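Report on one structure; see the data block that follows.
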Amino acid sequence: MVSTRLGALVLLLVATLLSGCGGESAPAPAPDPARLLAAHVAGLAPDGRYRPPRAEESRAAGAAVELLLAGGTERGADQLASLGMPATRGTDPVTGRPFTVYASDARTERSWGLVLVDGSAPARWVVEVPHPAYDLRTEDLGLDLFRAVPGTVLLVAGAHRKAGGGAADVAHHEDSVFHALADAYARHGLAQLQLHGFADRNLPGTDAVVSTGQAVPGPGPLRVADQLDGAGLAVCRAWREQCGRLEGTSNVQGAAAAGYGAVFVHLEASWSVRSDPARRSTLARALVAAGLAAP
């Protein structure tokens, strides 16, 4: 009896192994922007490979934005694919909205970025994450905003800011694909919200720092600060007071936006806000309520 049962178990095991090898494989999971973004950020490291783009590559990135905004989706996708950022399309399981993500491979020297585009509406604003895997959880806040506002473009750097000996710090280097993309969107007048993070000890008692980089604050940044205040967050307004050297005055995307007269908001969020899902959600709602996205 025991040998009979043992034989049956062996046969069952062999059949299972054979079905796993020769049968149909399980279908690949549907693309999910949260999963794709998390995988992108998980692959970033300070010693990662990175080289700045050549001038013609930066121009190609800007041209891709022009095509996407003009409705030339396939040509824009081809342009980004030529830069090592192929397209993945899907439907967001949370919002039910179509999306396209263009992402580079962090294992290559062309680790230039990830662009997540909502496909349910024309581009309305750009949310930027220049320091993923360094300003921790800023990409989570970016995804919250992407899902909250149809027509959001989420722009994420493709490498850790210390990669390439610091050349990958895209917030402070104009020779990056990230900057070329942001510059092209600003040239078309899209408001930009750039997300950063700071350690609580660097500015105790403050939840967020709002600044405009180099420009005099207009109605948009003022509304952002007021909405954060109204949500119960302690805000430092860089145009009124010293904010622990978190004012973003050397930010190259801010300088470019100012040159075009486009709205640019540099937001620093404390770790206690970024690491707490409930407080991060409060921050996201307040940012949406500020109405930076075009109608």
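These figures come from a predicted structure and were not determined experimentally.
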[X] and [Y]: which non-hydrogen atoms are nearest, and at how many Å?
X	Y	answer
L222	W239	CD2-CZ2, 3.6 Å
F178	V129	CE1-O, 3.9 Å
L44	A157	CD1-O, 4.4 Å
G220	L292	CA-CD2, 3.8 Å
A286	L228	CB-CD2, 3.6 Å
P53	W112	CA-CZ2, 3.7 Å

Do the non-hydrogen side-chain atoms of [X] and [Y] ever get within less than 4.5 Å of each other?
X	Y	answer
V153	F146	no
Q227	V288	no
L141	R274	no
L80	L68	yes
D105	T108	yes
P31	F99	yes

Less than 4.0 angstrom from a charged side-chain N to a carboxylate O is my criterion; do [X] and [Y] meet it?
X	Y	value
R280	D144	yes
R75	E66	no
E74	R89	yes
D276	R137	no
D207	R279	yes

Exam field: side chain [X] to backbone [Y], donor-acceptor pair closer than 3.5 Å:
X	Y	result
N251	G213	no
T282	A278	yes
S111	R49	yes
H173	D169	yes

Exercise. Taking it one step at a time, do H160 and H131 satisfy side-chain contact (heavy atoms from CB on, under 4.5 Å)?
Worked result: CA-CA 6 Å; H160 192 283; H131 298 148; over 6 Å; no
Taking [Y] as the starting point, is it possible to reach [X] by hopping between hydrophobic residues whose side chains are less than 4.5 Å apart?
X	Y	result
V263	L193	yes
L37	L155	no
V149	L143	yes
V115	L69	yes
V209	V265	no

For this session: Output, in order, the C-alpha distance, side-chain angles, deciding distance and verdict of side-chain contact (heavy atoms from CB on, under 4.5 Å) for R161 and H172.
Result: CA-CA 10 Å; R161 69 178 297 179; H172 300 101; 4.1 Å; yes
To the nearest 0.5 Å, how far apart are [atom1] in [X] and [atom2] in [Y]?
X	Y	atom1	atom2	answer
T206	D200	OG1	CG	9.5 Å
L154	R147	CG	CZ	11.0 Å
R240	S211	CZ	OG	14.0 Å
L246	E268	CG	CD	4.5 Å
L267	L283	CG	CG	6.0 Å
L116	L36	CG	CG	8.5 Å

Taking atom types as modelled, is there a side-chain donor on [X] or [Y] under 3.5 Å from an acceptor on the other?
X	Y	value
S58	R54	no
T95	D92	yes
W125	T152	yes

Problem set entry | Check against side chain to side chain donor-acceptor pair (under 3.5 Å), S281 and R285 | CA-CA 6 Å; S281 179; R285 288 195 300 272; 2.8 Å; yes
Problem set entry | The single option from H196, E128, Q253, Q192 passing side-chain hydrogen bond (donor to acceptor under 3.5 Å, both in side chains) against H266 | H196
For this session: Give me the one residue out of D135, V156, L145 that meets side chain to side chain contact (heavy atoms under 4.5 Å, CB included) with L195.
Result: L145
Problem set entry | Intermediate values then yes/no, side-chain contact (heavy atoms from CB on, under 4.5 Å), S176 and Y50 | CA-CA 10 Å; S176 73; Y50 178 83; 3.8 Å; yes
Exercise. Going through the checks in order, is the side-chain contact (heavy atoms from CB on, under 4.5 Å) test met by T91 and R97?
Worked result: CA-CA 5 Å; T91 300; R97 301 196 303 258; over 6 Å; no
For this session: Return yes when atom CZ of R35 has more than 12 non-hydrogen atoms of other residues, nucleotides or ligands closer than 6.0 Å, and no otherwise.
Result: yes
Exercise. Taking atom CD of Q242 as the centre, does the number of heavy atoms from other residues, nucleotides or ligands within less than 6.0 Å exceed 12?
Worked result: no
Problem set entry | D229 vs R223, salt bridge (Lys or Arg N to Asp or Glu O under 4.0 Å): CA-CA, chis, key distance, verdict | CA-CA 10 Å; D229 260 343; R223 287 198 309 272; over 6 Å; no
Problem set entry | R237/E247 under salt bridge (Lys or Arg N to Asp or Glu O under 4.0 Å): CA gap, chis, key distance, verdict | CA-CA 9 Å; R237 293 165 169 83; E247 295 89 352; over 6 Å; no
